[in-house]
Amino acid sequence: MQIKKIRDIIIMRINVDTAGNHTGYRYGNRCRFYKERLKYKMNNLAGRYLAAKRQLFDKYYSDLNPEQRRAVFTVNGPLLILAGAGSGKTTVLVRRIAYLIRYGNAYMSNKTPDDLTETGVKQLEEAALNMPREQLADILPEFIESPCPPYRVLAITFTNKAANEIKNRLEAEFNGEDISGIWAGTFHSICMKILRVYYKEAALGPDFSIYDTEDSKKAVSDAMKRLNIDEKTLPLKGVMNEISRSKDKLKGPDEYAGEAGNDFRKKQIARIYKEYQMALAASNALDFDDIIFKTVKLLHGNADVRQRYQSRFLYVNVDEFQDTNEAQFALTALLSGGYRNIMVVGDDDQSIYRFRGATIANILGFDKNYSNAEVIKLEQNYRSAGNILGAANGIISKNRGRRGKSLWTEKPDGELITVRELENENTEARFIVDTISRSVRMKKRKCRDFAVLYRTNAQSRVLESAFAKSGVPYRTLGSLRFFDRKEIRDIIAYLNIIVNHNDESRLKRIINEPKRKIGDKTIDEIARIARDGGIGMFDVIEHASRYEELSRSAAALSQFATLINQLTEISKTVPVAELIRRVSDMSGYRAMIIAGGDAERDRLENIDELISGALEYQKSNEEATLAGYLEEVALVSDVDKYDETADAAILMTIHSAKGLEFPVVFLPGMEDGIFPGMQTINSYDENDMEEERRLCYVAITRAKEKLFILCAHERTLWGRSGGNPPSRFISELPEQFLDRGSSEEKENQPEKAASRVYYSQKPVKTRKEDVLTVNRPVVKKQEPAEFSDVKEGDRVRHRIFGDGEVLSVRTMGADILYEIAFDTAGTKKLMGSYAKLNKI
DNA sequence: ATGGGGCTGCTTTTT
DNA sequence: GCAGCCCCAT
């Protein structure tokens, strides 16, 4: 296959096209163009008409800030919205889609009616001044300019949760009007929608299965066994990762092999990759990465299909762009290739998924890939109190690979951030629980106001038991997912076999579950015969008696085949929920659980829950099909079901907290070795530390009112006890936002620190400075007064933005917020303590 | 074929 | 510290 450098080709095309015959103007040109035109027409009717029109829209959208409005009104051409944490990103996305469906390009358009009259324009000007905002909706339709029908809008997100939120908020926005034509979904669900229609063109069978990580792990492991590659010499995890990253980069097995060169490990992986893909093809299955890979391949290689979607999607909107990988970037480029109205929102400072292939280059270089892209920054934060935001700005400013943004808020400073070192992980947990229960007892807050965010899931155990003991209601997110439970996976495997008899991974999973006296030997033999004969495993099973090698288990095998065939017949007549019931009965699965006695009780309940979930699916989908259900099950996680109304404190990893906000946030385990983790500390790639720092930034910006940063003097981790120095990230926080407890506590610190047993495996890495900062009680106060002689109207110089004029000076906590109109870099809001301003 | 006991090795996670 | 895997005994 020659999908060589799809990405390069796509990017090249973008550049060529945009440089050539794009409909828009470069923004700079457009600005100049505007000004000239406005100056010229200032006194004539058309100019006044346009000004009044824009005033009317600005007024109608006055619940948004000016940057947000610009993001809503800029609909044509490529647009990058850099949306800081808590800057109203989803609101903008939703309002923008609603705007282009209602008004099209009304605001930016320079068209004027031919029959303008003095009185008509006067009326508009009058309305812009005096008409109450609510009534403006009646006038605005007059300005509609090529509105976009809902079905021509595409909105892509990462999680189902985000997709649902967009859908729901849009529905509310249109309250009752039919906008169901909008394509809003995750990358994977969008791709599935395409692949289900054009499966033939994508060289897939009609009822292909989706392998989740667990399934593909098995398939890769099997492939390695077949190739006689030992998992001890080449760990499965690394192989999986390499294959997955390779697919992210749109590289198939052959290309991967081509690039392996003389690298033995890569050559091995290339063989596994190829074998794995062959197994997937034989099973008529795709893994998660393939869903996107194959779609990009299809759109790239098939002009008809490509054109079909390119001519359909007039506006393409991509959420969380900082988390896209190369394949996803290519997909968005292909889908938006028709009209090039592509808008991406994201925050480079919140990119925390590099480890799974996200490339921050997509957002950092968006305006290079799309040379005429406009860039809008949303920097006003509506979420966090001043001190929290100050700390967040402080820490993220230490990163180098960023576009540079500095958030500001109109909110008061609020409380200082509490930083505490506790004795050990148990006292740390108790501190959290006590703080919560005290606050709840005093009726200051509800339990659900509190969130505990940790770096690793391993930290949750101690926390959970502290919560359990105290009786403070709590919930943990992301422990064992419902669909990861064995019994659920088994039943789902049966359903997959019914749809796709040759799904090898699922077949292996349930062929002997419950026990049917079909052992591993037999299964391997079946797989081998199938492979040699180029037929499906199920075909072999169905005709087991034909093969001498299988004679011993032939009876059991044909019984199994009969079971599957019967269930397949049944599946054609009964709905999914009923089918699940039949599967669990006829397969003997239910009987097996019941035989297990009381210990297995909840497994039975889980199956019942699965059935009610299927009923739910039938209710909400008019065309409920088994294949559709399986797709939903494969692509939907139960994290989406995080119930924000339950009155319980919530415990989760920082990663899963992204996009959420809480009045009070605890960050336990802020220690070098945990956060940042040992791997990061020992890494020679400074990008690793930057990503860790971004994660810390995400953690801090989850808090609305109050933040606790905690570490333990001693900690038992992985069975060994020892201690970690407080996280280097704590010392990166500007001191003026922190409350480090009484001076007494501080004085005790050096001794404690001296007696510490460090985990550090590579003492080389523990540099002198680190130890010093740890041991010395940090009391250096930052001097915000340093620049306080800068006044409104002064000329100043900034390291990056150059020279500019100070528009306003405002105190924000112990810091000062400057608004500065830079000569070349535009108007920016900067915090005094980081801005490093020099008066000139 | 199956079940139990010992051994290893270990971020983060959505789809 | 514990989960998940491998190997061995039945």
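Convention: sequence-line order gives letters A, B, ...; per-chain numbering from 1. These values consider heavy atoms only, across backbone and side chains, with no hydrogens, waters or symmetry-generated copies. This is a predicted model, so every value here is computed, not measured.
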Applying salt bridge (charged side-chain N to carboxylate O under 4.0 Å, His left out), name anything that partners A/E692, two or more places apart in sequence or on another chain. A/R455
Reading DNA chain C in the 5' to 3' direction, which nucleotide is the first one with an atom under 4.0 Å from a heavy atom of chain A, and which is the last? C/dG1 to C/dC2
What pairs with A/E632 under side-chain contact (heavy atoms from CB on, under 4.5 Å), at least two apart in sequence or on another chain? A/Y617, A/V636
Partner residues of A/E549 under the salt bridge (charged side-chain N to carboxylate O under 4.0 Å, His left out) criterion, sequence neighbours left out: A/R528
Tell me whether the side-chain N/O atoms of A/T157 come closer than 4.0 Å to OP1 or OP2 in B/dT14. no
List in chain and number order the residues that pass salt bridge (charged side-chain N to carboxylate O under 4.0 Å, His left out) with A/R489, two or more places apart in sequence or in another chain; answer none if no residue qualifies. A/D212, A/D215, A/D484
What residues, two or more places apart in sequence or in another chain, satisfy ring-ring contact (aromatic ring centres under 6.0 Å, His included) together with A/Y547? none
List the residues meeting side-chain contact (heavy atoms from CB on, under 4.5 Å) with A/T456, not counting sequence neighbours, and say none if there are none. A/A458, A/Q459
Who pairs with A/D503 by salt bridge (charged side-chain N to carboxylate O under 4.0 Å, His left out), at least two apart in sequence or on another chain? A/R506
Minimum-distance nucleotide to A/R356 side chain [options: B/dT2, B/dT14, B/dT15]: B/dT14
CG of A/D248 versus P of B/dT15: gap in Å, rounded? 15 Å
Rounding to the closest angstrom, what is the interatomic distance between C/dG4 and B/dT13 at atom P? 16 Å
Report all interatomic pairs (protein N or O, nucleotide N or O of nucleotides 8-12 of chain B) with separations under 3.5 Å.
residue	atom	partner	partner atom	Å
B/dT12	OP1	A/N457	N	3.0
B/dT12	O4'	A/R455	NH2	3.1
B/dT12	O2	A/R455	NH2	2.5

Cationic tip of A/R196 above A/F208 ring, under 6.0 Å, 45° of axis: yes
